[in-house]
There are 2 protein chains.
Amino acid sequence: MKILLVDDETELSDPLSRILLQEGYQVDVANNGAAGMNLALQNQYDLLILDWMLPHHSGIEICRSVRSHFLATPVLFLTAKDTVDDRVDGLDAGADDYLVKPFELRELLARVRALLRRSTLEMPNSDRLKVADLELDPDNQVVYRQGKAIDLSEKEIQLLTYFMEHPERLLTHEEIYRYLWQADEQPSSNVLAALVRLLRRKIEIKHETQLIHTVYGKGYRFGIN
Amino acid sequence: MKILLVDDETELSDPLSRILLQEGYQVDVANNGAAGMNLALQNQYDLLILDWMLPHHSGIEICRSVRSHFLATPVLFLTAKDTVDDRVDGLDAGADDYLVKPFELRELLARVRALLRRSTLEMPNSDRLKVADLELDPDNQVVYRQGKAIDLSEKEIQLLTYFMEHPERLLTHEEIYRYLWQADEQPSSNVLAALVRLLRRKIEIKHETQLIHTVYGKGYRFGIN
DNA sequence: CATCCACCAAGAGAATTTTCATGAGATTGT
DNA sequence: ACAATCTCATGAAAATTCTCTTGGTGGATG
């Protein structure tokens with residue numbers, strides 16, 4: 001379970017991150033909005049804990065931005081702002097929960113558990129993704145096909161991960177671009193096609209069953225059939 | 001969006017259910033635990049709003065029971081119990097959110113929106129159309145016939161979708177043309193015949209049962225027989 | 001410095017959609 | 001029943017759109 005904590009008050013984020021670590025979570029910390037935004041968009045967190053008031057980008061901006069990139073990561077706001085209007089604004093910006101400082105640590109941890117429980121409930125996937133005779137070990141950046149290990153580059157792993165997390169589904173170019181490159185995109189270049197080619201070269205050449213299917217004019221579909 | 005509200009205080013549940021209705025939700029109300037439990041297990045709700053203290057079964061029991069039946073329905077606790085321990089217990093029993101009475105209506109509605117937003121986000125559009133041994137997945141631009149996936153092009157999908165949405169019915173050329181091509185660009189030749197051929201080639205050749213029947217001089221009919 | 005990787009761009013190549021030519025089958029009137 | 005006429009199926013090719021391949025550049029890494 002990977003958590004991103006974005007808060008500029010180190011008096012709070014330091015001990016909090018330590019406690020979350022003790023609870024067994026992986027924790028990344030950012031202490032300004034810009035750093036938080038980048039981390040949130042570039043990594044796949046299971047939960048974002050955001051402060052509202054932040055230098056450079058507010059928590060709400062991060063939340064909106066994450067949501068607009070189709071990431072369903074749960075978001076917990078952690079803030080001193082405590083009018084009902086603030087809460088409504090935060091929740092309607094896409095937050096899943098809202099906790100007012102100062103808060104009791106136990107309640108925070110319970111809410112964190114509640115939010116994370118949901119994502120594991122709905123994704124009972126083990127961290128090793130398997131499709132057909134392909135097995136991806138994202139932590140160690142390796143895929144096995146027919147038992148043999150295949151080394152992949154960073155971008156290749158990212159793409160394959162995205163594919164394997166959504167098998168048998170049409171993934172549009174736009175969705176893939178958004179997942180792999182954080183900034184917005186215009187198909188001004190061919191990166192994706194090129195990347196797909198590299199991945200195919202490693203994954204499916206010499207193994208007759210095709211796994212990456214191109215859907216003309218739309219995107220790609222990954223899976224058997 | 002279907003909501004179950006379980007609360008024994010009708011002074012609260014009556015106006016609340018009315019407000020939720022006004023907001024456009026379908027609402028069922030139970031005013032004791034047993035009734036709530038039955039409704040929760042027998043129907044598919046998108047959200048449960050539970051009071052903690054209830055005659056017959058507590059909200060926590062309902063929550064545990066729902067969870068043990070592998071229903072991932074979000075649960076919002078609504079209660080007067082307001083120690084941190086209570087909150088932690090509620091959340092750890094499987095609740096997704098916890099709101100203390102008395103609460104502000106706007107905040108409740110915002111939290112309801114937040115919880116429902118999540119379930120629509122993660123719901124893949126599964127309006128799959130089935131006719132005979134054909135199953136169409138328009139979102140992913142695939143049809144399965146006898147379990148095997150067949151890739152279709154954009155126009156083929158559009159035509160097949162139209163067919164499968166109106167099985168066993170005569171669809172005139174004009175109707176089909178209107179559906180597939182905008183009014184401004186009316187193709188002048190026999191595109192439709194050509195397209196039908198392409199579709200037949202993929203769908204029914206090699207599978208003896210004919211699905212696309214031509215109605216001479218009128219149009220086509222899709223279905224068995 | 002050598003290597004690996006991400007990115008770019010352009011021509012080759014492939015898939016899709018439309019059009020055309022043609023023949024087979026259906027329909028109608030006589 | 002027969003011919004004239006209309007409609008559809010079919011294969012092939014043109015037009016269009018999109019993808020793949022390739023070679024190259026620059027930056028980061030070791």
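Chain letters run A, B, ... following the sequence lines, proteins first, then strands; residues in each count from 1.
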side-chain contact (heavy atoms from CB on, under 4.5 Å) for B:Leu108 and B:Leu99? Distances and angles first, verdict last.
CA-CA 8 Å; B:Leu108 173 66; B:Leu99 202 48; 3.8 Å; yes
Is a side-chain donor-acceptor pair under 3.5 Å present for B:Tyr25 with B:Asp46?
no
Flag for B:Glu156-B:Ser153: side-chain donor and acceptor within less than 3.5 Å
yes
Aromatic rings B:Tyr162 and B:Tyr179: how do their planes relate, parallel, tilted or perpendicular, breaks at 30° and 60°?
parallel
Just how far, in rounded Å, is [atom2] of [N] from [atom1] of [X]?
X        : N      : atom1 : atom2 : result
B:Leu160 : C:dT16 : CG    : C1'   : 17 Å
A:Leu180 : C:dC5  : CG    : P     : 16 Å
A:Arg201 : D:dC20 : CZ    : P     : 13 Å
A:Leu192 : C:dA9  : CG    : P     : 16 Å
B:Leu195 : D:dC8  : CG    : P     : 14 Å
A:Glu156 : C:dC4  : CD    : C1'   : 11 Å
B:Asp151 : D:dT19 : CG    : C1'   : 15 Å
A:Leu199 : C:dC5  : CG    : C1'   : 15 Å

Whichever of B:Tyr216 and B:Tyr220 has its nearest DNA chain D nucleotide further upstream toward 5':
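First, find each residue's nearest nucleotide; the 5'-ward one identifies B:Tyr216.
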Ignoring the backbone of [X], work out which of [options] is nearest its side chain.
X        : options                : answer
B:Glu154 : D:dC20, C:dT17, C:dT18 : C:dT17
B:Leu198 : C:dA6, D:dC20, C:dT18  : C:dT18
B:Ser153 : C:dT18, D:dT19, C:dT16 : C:dT16

Contact under 4.0 Å: [X] side-chain N or O vs [N] OP1/OP2:
X        : N      : answer
A:Arg197 : D:dT22 : yes
B:Lys218 : D:dC8  : no
A:His173 : D:dC18 : no
B:Trp181 : C:dT17 : no

At their closest point, which heavy atom of A:Leu91 faces which heavy atom of B:Arg111, and how far apart are they?
CD1-CG, 3.3 Å
Can you find an N or O donor on one side and an acceptor on the other, under 3.5 Å apart, linking the side chain of A:Asn190 with the base of D:dT21?
yes
